[in-house]
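Below: one structure, written as structure tokens.
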Protein chains: 2
Amino acid sequence: MATIKDIAKLCGVSEGTVDRAINDRAGINPETKKRIMEVVEQVNYKPDRIAQSLAKGKTRTLGLIFFDLNNDFIAALVDTIETIAKEKGYFISLVLTHGIKEEEIKGINYLLERKVDGIIVFPVGKQSDYQELKINIPVISIYNKISDEIPYVGVDAQSAMRDAIGYIADCQYERVILVNSSITKKVKSGLNVYTLQERQKGYIEGIEKNKINEGEGSLIVEGLDFRRMDALYRQGQGKKTAFLCICDVFALEVLTHFREQAIRVPEDVGIMGFDNMSIRKYVSPQLTTLGYHMTEMAQKIFAYLMDMIHGSDIPKDTSFPCQIIEGNSL
Amino acid sequence: MATIKDIAKLCGVSEGTVDRAINDRAGINPETKKRIMEVVEQVNYKPDRIAQSLAKGKTRTLGLIFFDLNNDFIAALVDTIETIAKEKGYFISLVLTHGIKEEEIKGINYLLERKVDGIIVFPVGKQSDYQELKINIPVISIYNKISDEIPYVGVDAQSAMRDAIGYIADCQYERVILVNSSITKKVKSGLNVYTLQERQKGYIEGIEKNKINEGEGSLIVEGLDFRRMDALYRQGQGKKTAFLCICDVFALEVLTHFREQAIRVPEDVGIMGFDNMSIRKYVSPQLTTLGYHMTEMAQKIFAYLMDMIHGSDIPKDTSFPCQIIEGNSL
DNA sequence: TTGTAAGCGTTATCAT
DNA sequence: ATGATAACGCTTACAA
């Protein structure tokens, strides 16, 4: 690979002059510039971004930290961010944690050593974990809030869930069972359960407000505990029951579970998800779910990160509203 | 951030000695080393990977170039590769092309400027495009072959499709319609259609070998042209017909299409996909498809790339066998 | 307008 | 065992 030095030698000028030509800097004779640029073309010069990064202290690389790519709304988010970033000349370094806190810490340290200009993280760690990391670059946390200092962008999960219960109630359901992730276990392991908790809070508010589960209170299943789901379902004694699931993947699992037992959806039991995964349109009955504008959100996240990188302040807390996406599962 | 220079000053030794301590190099007094390492701890020293990269000429970063993350088998591939790579101390730079050749070229150039140690690409470009790029680092192409020189890892799509037709024939189908991507259009645009073509070749072999489509020959739909699908379906005049789709996403679209018209699957029409997307288990009837060991393939791809990076030769052509994954859509 | 040289934070070679 | 210094390829401030 040809370097600036090579070109300088080839043209009989100094490295500084070549730099002026290449980077359109002022103070260079158009003639000289033209001559240099011809050589640049000839030798197919490509800048060494590593050297540039070292010299400038900026890498034009963004770090992305996610659980995994199995949820297609995460994949969509990564996709959108990558596309915008590339447009703006930024690169994406991807780190997957699989929900393991140690992996997240390791990943962040890696990104810090790699001198990325900013980080977007769907965190599994909490404030205390992040304090120890001493992060000195812009960070935006999404879905899970870390602290009041680290900007957060997410969805208004709480009111979404509350509204969902209202919608379910309107469909004449008398009971709504929440299928959450194994939140208790996660809390015990010191993991960040912000969005799970928000969703659960919304559920609890919803059942109170809509007089759902009368005499039973909140009915929560943690994890895909089908046995408990069956028990809770039967306990309803013919009352119209729905399962509100923390995410579409869970909803699809529950749907499949009941289908295998010849319990019909929505005739015998209602199901609702959260995320608006693209695949929900392929299942029958089509899943009713909660969605939001993923592309818009991704754009906002990227724009915010750019603002931070350029030294501007951004709101500490941004939430996108959710909409009920009607299907036939209720 | 503390640098080696800082530590050297703090310890009253030279930078070379600090380097010896930090990187476990020989020729250092254990006492000195201990003293230095304590300071390293204290100041929370983290190596600057950018500076390391510049000095060593290696970035320990791998470039991944894919169409997008919408297909969950691609997402799974990225996921697996990222996980293995991180274990080995390699980083992932992700580039998405959305099937646009110019984006791919730009992306590769970016990665080259970023001095990644190797590239894994699901190419949309062809040999001629790659020749111009003058790539001087290890590259592995997956799914689509670029040339005889650039190592390729893929699946044995041709025999898989042939076998699929055999399987469909065993299910008493008399007609099989291939739903391919818009391959003609892509060929015209100069895009790489290797795997699409392989799959189509397998289809053609299959129908000949199994006496399918007698009197009709190969019946191929390009793209999700539902009108043409309907026409071809009706043309069958009650003969048992199946749609063999180039990928699961297409299969699910076709499935949905027929369901909407109250044409039953598999009673009235059979459907088969390719990819073994994880979501196929959620749809009813469960999709019959062709699958392969994605994790194994990802591991092989990574291992090969490491071999190349370390100067070893690897096979130019590696294909993984596919298996028929039975569902209820045939 | 052009050249020079220090600096970015490492690594690596050659003295001492 | 330790130190000094060039080198990696670029940017940038300053000098000519």
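Chain A is the first sequence line, chain B the second, and so forth, proteins listed ahead of strands; every chain is numbered from 1. Since we're looking at a predicted model, the values are computed, not measured.
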Task: Rounded distance (Å) that lies between atom C1' of D:dT11 and atom NZ of A:K58 - done: 14 Å
Open item on the list: Heavy atoms from C-beta onward define the side chain here; which of C:dT10, C:dC8, C:dT1 lies closest to that of A:A55?
Closed with: C:dC8
Open item on the list: If I take atom CD1 in residue A:I4 and atom P in nucleotide D:dT12, what distance separates them, rounded to the nearest angstrom?
Closed with: 11 Å
Task: Spacing of A:K5 atom NZ relative to D:dA6 atom P, expressed in whole Å - done: 12 Å
- [ ] Remember a base hit wins even if backbone is also touched, and classify A:D19 as base, sugar-phosphate or nothing at under 4.0 Å, heavy atoms.
- [x] base
Task: Given D:dT11, D:dT2, C:dT1, the nucleotide with the shortest approach to the side chain of A:N29 - done: C:dT1
Task: Option passing ring pair (Phe, Tyr, Trp, His ring centres under 6.0 Å) with B:F73 (candidates B:F67, B:Y292, B:F66, B:Y143) - done: B:Y143
Open item on the list: Whole angstroms only, please: what is the CG-P distance between B:N23 and C:dT10?
Closed with: 10 Å
TODO: Would you please test B:K145 and B:E198 for salt bridge (Lys or Arg N to Asp or Glu O under 4.0 Å) and show each step?
DONE: CA-CA 10 Å; B:K145 198 180 283 192; B:E198 289 290 298; over 6 Å; no
TODO: In whole angstrom, give the distance that lies between atom CG of B:D48 and atom C1' of C:dC8.
DONE: 8 Å
Open item on the list: If we ignore hydrogens and angles and just use 3.5 Å, is the side chain of B:N29 paired with the main-chain N or O of B:E31 as donor and acceptor?
Closed with: yes
Task: Within 45° cone of A:F91 ring axis and under 6.0 Å: B:R114 NZ or CZ - done: yes
- [ ] Taking atom types as modelled, find out whether B:N144 and B:T195 have a side-chain donor-acceptor pair closer than 3.5 angstrom.
- [x] no
Task: Earlier contact from the 5' end, DNA chain D, for A:E15 and B:V13 - done: B:V13
Task: Interatomic distance, A:R60 CZ vs D:dC10 C1' [rounded to whole Å] - done: 16 Å
Task: Among D:dC10, C:dA12, D:dT2, the one nearest B:T17 by side-chain distance - done: D:dT2
- [ ] Test for a donor-acceptor pair under 3.5 Å between the base of C:dG3 and the side chain of A:R20, counting only N and O atoms.
- [x] yes
Open item on the list: At 10 degrees resolution, what angle do the end axes of the helix from C:dT1-D:dA16 to C:dT16-D:dA1 form when each is taken over five base pairs?
Closed with: 50°
TODO: Return no unless some side-chain N or O of A:Q52 is found under 4.0 Å from OP1 or OP2 of D:dT11.
DONE: yes
Task: Pair B:K46, B:N44: side-chain N/O donor-acceptor within cut-off below 3.5 Å - done: yes
Open item on the list: From C-beta outward on A:A51, which listed nucleotide comes closest to its side chain: D:dC10, D:dT12, C:dT10?
Closed with: D:dC10
- [ ] Describe the nucleic acid contact of A:T32 in one word from base, sugar-phosphate, nothing, applying a heavy-atom distance below 4.0 Å.
- [x] sugar-phosphate
Open item on the list: Can you identify which nucleotide, out of D:dG9, D:dC10, C:dG3, has its nearest atom closest to the A:S14 side chain?
Closed with: C:dG3
Open item on the list: Using a 4.0 Å heavy-atom cut-off, does B:K46 contact any base of the nucleic acid, only the sugar-phosphate backbone, or nothing at all?
Closed with: sugar-phosphate
TODO: Using atom CD1 of A:I7 as one end and atom P of D:dT11 as the other, report the distance to the nearest whole Å.
DONE: 11 Å
- [ ] For B:R25, answer base if it contacts any base atom (sugar-phosphate contacts may also be present), sugar-phosphate if it contacts only those atoms, and nothing otherwise; contact means non-hydrogen atoms under 4.0 Å.
- [x] sugar-phosphate
Open item on the list: Rounded to whole Å, please give me the gap between NZ in A:K56 and P in D:dG9.
Closed with: 18 Å
Task: Closest listed nucleotide, where the reference is the side chain of A:L54 and the choices are C:dT11, D:dG9, D:dT11 - done: D:dG9
Task: Check: B:S14/B:T17 side-chain N/O donor and acceptor closer than 3.5 Å - done: yes
Open item on the list: Tell me if the CG atom of B:D148 is crowded by more than 12 foreign heavy atoms within 6.0 Å.
Closed with: no
